[in-house]
Each structure stands twice: as structure tokens, then as C-alpha cells.
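I have placed the structure first, in the form of C-alpha cells, so that the comments after it can refer back to it.
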Amino acid sequence: MNNLSVLIPVFNCRCSNLVVALHEQLSDLPVSWEIVVADDGSDDEQAKEENRAISTLNNVRLIERETNSGRAKIRNLLAREAQYDRLLFVDGDMSLRKEGFISDYLRHDEAVVYGGYDITHDDKSLLTNLRYRYELKAEGNHSAAVRQQNPYQDFHTSNFMVAREVMMRFPFDERFRHYGYEDVLWGKTLRDNGIAIKHIDNPLTFTDFETNELFMRKTEEGLRTLRQFSSELQGYSSLLDYSRKISQFHLNPLLRLTYNLFHKSLLHNLEGNNPSVFKFNIYKLLYFEELGKKA
């Protein structure tokens, strides 16, 4: 397959630098290609205006949707819009710093290939950022060798190539309208249908770290998604494994009491200037158990 559709979903982020970098690499390769960007109902007018500049580039198309349809549905839309057999999905808030990024993908003909991601290293300016500290602590798990040990659980939609035929057979579950876990369920779907995921070291770089407050709101939203789809995601989330053990020992009331007593002080730390990754993991477990009370 000597062709490639690069598909970029965006929501309230500026993607022009990423598109230009991808465009430069694609232009040097002897393949048929396109870049399709889909704005999923952004309300950041300045970001939308800046992104419109990419429409002047050859083989680049921008789709603007008036309302937000969700992370699953926008990716399915991009797959349907693509004209080529191989689809490369990249998130619009990532950065391309690796020479030969596209050509490294094109060496593979597996049905699904995940390149992974790394993070920028700027300890001084990001010292107080919770997302940065969290990603830095997890950095040792980002290599392809580690990811391949649990290929379906360690898959993310930020940077992967897939055969269009596979996407048409197994689209993302469009019940996932809110943040989180649509990629985990898709990985489970692939496993259930005998489709392998090949992990390679071909990262995009995460450079856009949201504020601590926004990261906590996104984390809580993701946990609500996990609670909503917990039955389908059993075995694919360590948090669900912990929660099941807690239930087996009838400790749910204790954790909910702990949440009521300490969640404000935990949030004060996590949204402050010296956030603790350990407290972040504790907060996620307590918040998830509190959600169970409301279920």
C-alpha cells in the first residue's frame, strides 16, 4: 500500500505547526498522501482561525464541525473521509520532533501499529505541573518493548496507524462522548477479534501540559467514563482491578468515608504548586469509589 491518509482530530488546540511538520515529511516521500484535520466543534475562535491557515497547503483538508461530537465519533468521521488504505491518526496537540517519523511508519504493513509518545523535558518551567510530573514518572513504561508486553491495554489513540478496512469493520464506540477510555475499549475489541497491535518506538512528543486544575477536571471526567463502562472494561484497567478487590473485602464504605474527609485537602495539593503523584493516584481511587456510591 503505497499511500497514507494522516487524520488529525482537534478540539480547542492549535495544530498548524504539527501539520506543517507532517506536510514537510510527506512531501519528500514517493507515496500518495493527504492530511485531513477535523475540528470537533471548538469554541476557541483564535485557535480555529490559526488552524485555518493549513488549508493553503496542498493535499491538506480542514473539516469544521459546528458542535462537539466526541472523541470516538470524530475519529470515525475522519476514517470515513479518508481516501487511502492506510490511516495514521495523530492528536492535534502533539508535536513532531522525530525525523523520519512518517517513513518509519511506512516500513510496517501490520493492521494496527502504535508508535507511542514521549514528553518534552523542561523541569524548570514545568516543575509545578501535575501532568508533567505524572508523565515523567511513567516515562519508563513508554518504550515499545514494555508496551508490547500488554499490547491492548497499553494502546492510545494519540499516534497510531491502522488499515482502513479494520477501522471500517471496527469503528470506535460512539457511546464514548466524554473524555477517556474509548481507546481502551477499542483495544479490547481488537483483541476479541484476533487483530494484533504492533508496538514500535516512533513517538510524537507531548509538549502541551494543561493547568493542574484542568488536568484534575479531565481526570475526574475520565473516571466517570470508566465507571459508566466498567463492565465492558474489566481486565483492562488497573483501577477496576483495585476496585474489585476493595469490594471483595467490603472496604468501599471506608474509602468513601476517606474521600469525604480528605478530598478537599487532596485537591488543594493537586491543584497547587507542589502536586504529589502519589496523592494523585490515591485521589483517583477515592473518587472512583465515591462514584460507585452514586451509581
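Bear in mind the structure is a predicted one, so any value in this text is a computation, not a measurement.
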Please check if the number of heavy atoms outside Gln248 that lie under 6.0 Å from its CD is greater than 12.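 It does: Gln248 CD has more than 12 such atoms within range.
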Ignoring hydrogens and angles, tell me if any N or O in the side chain of Glu182 forms a donor-acceptor pair with the backbone of Ala72 under 3.5 Å.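 Such a contact is absent between Glu182 side chain and Ala72 backbone.
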Has Asp44 got a side-chain atom pairing as donor or acceptor with Cys13's backbone, closer than 3.5 angstrom?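 No, Asp44 side chain to Cys13 backbone: no donor-acceptor pair under 3.5 Å.
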Less than 6.0 Å separating the ring centroids of Phe160 and Trp186?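 Ring centroids of Phe160 and Trp186 are less than 6.0 Å from each other.
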Between Phe280 and Phe215, is the gap from one ring center to the other below 6.0 Å? yes
Partner residues of Lys188 under the salt bridge (Lys or Arg N to Asp or Glu O under 4.0 Å) criterion, sequence neighbours left out: Asp192
Applying salt bridge (Lys or Arg N to Asp or Glu O under 4.0 Å), name anything that partners Glu271, two or more places apart in sequence or on another chain. Arg217
Would you say the side-chain atoms of [X] and [Y] include a donor-acceptor pair closer than 3.5 Å?
X      : Y      : result
Glu289 : Ser243 : yes
Thr157 : Asp91  : no
Glu220 : Tyr179 : no
Arg175 : Gln228 : no

Between Arg147 and Asp201, does any NZ, NE, NH1 or NH2 come within less than 4.0 Å of an OD or OE carboxylate oxygen?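 Looking at Asp201 and Arg147, the cut-off is met.
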Could you tell me whether Arg131 and Asp208 have a side-chain N and a carboxylate O separated by less than 4.0 Å?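 Answer for the salt bridge query: no.
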Against Glu81, only a single residue in Arg75, Arg65, Arg61 fulfils salt bridge (charged side-chain N to carboxylate O under 4.0 Å, His left out); can you say which? Arg61
I need the single residue from Tyr236, Phe229, Phe176 that forms a side chain to side chain contact (heavy atoms under 4.5 Å, CB included) with Val184. Which is it? Tyr236
Using the rule side chain to side chain contact (heavy atoms under 4.5 Å, CB included), only one of Leu26, Val20, Asn59 pairs with Ile35; which is it? Leu26
What residues, two or more places apart in sequence or in another chain, satisfy side chain to side chain donor-acceptor pair (under 3.5 Å) together with [X]?
X      : value
Ser69  : Asp40
Asp104 : Lys98, Arg107
Arg224 : Tyr287
Asn58  : His23

Can you tell me how far the OH atom of Tyr181 sits from the CD atom of Glu221, to the nearest 0.5 Å? 12.0 Å
Could you measure the distance from the OG1 atom of Thr225 to the CZ atom of Arg177? Nearest 0.5 Å is fine. 11.5 Å
Parallel, tilted or perpendicular: which describes the rings of His156 and Tyr117, with under 30° parallel and over 60° perpendicular? perpendicular
Using 30° and 60° as the class limits, which term best fits the ring planes of Tyr259 and His263: parallel, tilted or perpendicular? parallel
Does NZ or CZ of Arg227 lie under 6.0 Å from the centre of the six-membered ring of Phe288, at an angle within 45° of the ring axis? yes
